[in-house]
Amino acid sequence: MRIAHAASQLERCPRTVAIGTFDGVHRGHRSVLRTAVESGLEPTVITLDPHPRIVLGNRVELLATLERRLELLAEAGIADTLVAAFTPEFMRLTPDEFVDRYLRSIGAEAVVVGGDFRFGTKRSGSVDTLRKLGLTVLEVEEVEGVSSTAIRDMVRAGDLAAAAAMLGRPFELDGTVVAGDQRGGTLGYPTANIAMDAQLVCPRYGIYAGEGLGHRAAVSIGTNPHYGGTERRIEPFLLDFDGDLYGKRLVVELWERLRDEAVFDSEEALIAQIAKDVEATRAAVRPV
């Protein structure tokens, strides 16, 4: 997939364009993308970054980084993605200006949107506006019960099966491995400490089963209360893995919530519980 940050970076050719933030690239988004791919024209996405609600001063916990979003769009068969900067200037564009600058300039002939799609200054443009400006509109019905907001709620609650059902894949942790307390190695279970963007949604604290780099992963999310921790740590233990991950990006799927964090009577009791967590991780089933 080709990635552009300005319309001028894309050649003009017959395109079907899907427009939106596409946070998480969930099942509803994939229905839109599938329509673009099956249209017969060059399937293209215009994705907004940063998230419009964040720019407008709202708190939004994102489901995926921009990097992961682009990877998922490519996996869905999109040929070109234009990352449009959501700035005050962008918000001031009239519907006609938006169509001229972002659609006609790249050869768009069709646009894939939901029936409630709005664009342009003060959300003054609609599906009817697109038609009046000469574009074919391919409307896609919403996938019932699926939304980025609902997925965030399920992730926060630790209901990974419900989140995966809406995403069409397991929820993922995505970040860079940094130095931690290195306590896991002394316990016999060396963990990677993932630094995640503060704008990403984080599951309810606890112990989880999942997978990373093709290895089952027992993941601790929380403050390590047994050791009196106060800062959030995200620490996956990759089963049967041997390698150096420091400084590298690590994406970990979460499959199942195993238990709450806990304080143990002794370090031996903690180690015994970790062993049980590892066995539960080996037995865990991918939710999608």
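All figures in this text were calculated on a predicted structure; none of them were measured in a lab.
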At their closest point, which heavy atom of [X] faces which heavy atom of [Y], and how far apart are they?
X	Y	answer
Glu42	Asp80	OE2-OD2, 3.9 Å
Pro287	Ala161	CB-CA, 4.4 Å
Pro170	Ala164	CA-CB, 4.0 Å
Pro236	Ile194	CG-CD1, 3.7 Å
Ala284	Trp255	O-CZ3, 3.7 Å
Ala179	Asn193	O-ND2, 3.4 Å

Do [X] and [Y] land in one hydrophobic cluster if side-chain heavy atoms of ILVMFWY residues count as linked below 4.5 Å?
X	Y	result
Leu33	Val83	yes
Val112	Val127	no
Phe117	Leu82	yes
Met196	Leu250	yes
Phe98	Val55	yes

Interatomic spacing from [atom1] in [X] to [atom2] in [Y] - rounded to 0.5 Å:
X	Y	atom1	atom2	value
Leu254	Leu160	CG	CG	5.5 Å
Thr87	Leu48	OG1	CG	10.5 Å
Leu200	Arg152	CG	CZ	10.5 Å
Leu239	Arg282	CG	CZ	4.5 Å
Asp49	Leu66	CG	CG	4.5 Å
Glu267	Ile274	CD	CD1	8.5 Å

Margin query: The test is side-chain contact (heavy atoms from CB on, under 4.5 Å); show your working for Leu72 and Arg30 and say whether it passes.
Written below: CA-CA 10 Å; Leu72 292 167; Arg30 286 181 180 272; 3.8 Å; yes
Does this structure show an ion pair linking [X] with [Y], if we count only N-O contacts that are shorter than 4.0 Å?
X	Y	value
Arg69	Asp174	no
Glu89	Arg92	no
Glu261	Arg232	no
Glu71	Arg169	no
Asp260	Arg204	yes

Report yes if some heavy atom in the side chain of [X] is under 4.5 Å from a heavy atom in the side chain of [Y]; otherwise report no.
X	Y	answer
Leu103	Ile46	yes
Thr281	Leu258	yes
Leu70	Ile3	yes
Pro203	Arg156	no
Arg104	Leu133	yes
Val45	Met1	no
Gln273	Arg259	yes
Leu173	Ile221	yes

Do [X] side-chain atoms and [Y] backbone N/O form a donor-acceptor pair below 3.5 Å?
X	Y	result
Asp197	Gly175	no
Thr16	Ser39	no
Thr149	Ser147	no
Arg123	Arg118	no
Ser31	Arg27	no

Checklist line | Matching residue for Arg101 among Ile106, Leu93, Asp96 - test: side-chain contact (heavy atoms from CB on, under 4.5 Å) | finding: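 Single pass found, and it is Leu93.
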Margin query: Checking Arg68 against Glu75 for the salt bridge (charged side-chain N to carboxylate O under 4.0 Å, His left out) test, could you report, in this order, the C-alpha distance in whole Å, the side-chain angles of both residues, the deciding distance, and whether it holds?
Written below: CA-CA 11 Å; Arg68 186 63 180 137; Glu75 290 174 13; 3.7 Å; yes
Notebook entry, point to check: Should Thr21 and Arg53 be marked as a side-chain contact (heavy atoms from CB on, under 4.5 Å) after you check the CA-CA gap, both sets of side-chain angles, and the distance that decides it?
Noted result: CA-CA 10 Å; Thr21 305; Arg53 287 176 58 196; over 6 Å; no
Note to self: Tell me which one of Arg257, Glu253, Glu256 satisfies side chain to side chain donor-acceptor pair (under 3.5 Å) with Tyr208.
What the structure shows: Arg257
Notebook entry, point to check: Hey, what's the ring geometry for His29 with His26, parallel, tilted or perpendicular (30° and 60° as the breaks)?
Noted result: parallel
Next item on the list: Fit a plane to each ring of Phe237 and Tyr189, take the angle between them on a 0 to 90° scale, and name the class: parallel (under 30°), tilted (30 to 60°) or perpendicular (over 60°).
Entry: perpendicular
Item checked: Chi angles and distances behind the side-chain contact (heavy atoms from CB on, under 4.5 Å) call for Leu245, Leu238 -> CA-CA 11 Å; Leu245 295 174; Leu238 302 184; 3.9 Å; yes
Next item on the list: Please say whether more than 12 non-hydrogen atoms of neighbouring residues, nucleotides or ligands are located less than 6.0 Å from CG in Asn58.
Entry: yes
Next item on the list: Can you establish whether the number of heavy atoms outside Glu142 located under 6.0 Å from its atom CD is more than 12?
Entry: no
Next item on the list: Just do the side-chain contact (heavy atoms from CB on, under 4.5 Å) check on Val99 and Phe119 with the steps written out, would you?
Entry: CA-CA 10 Å; Val99 168; Phe119 69 104; 4.0 Å; yes
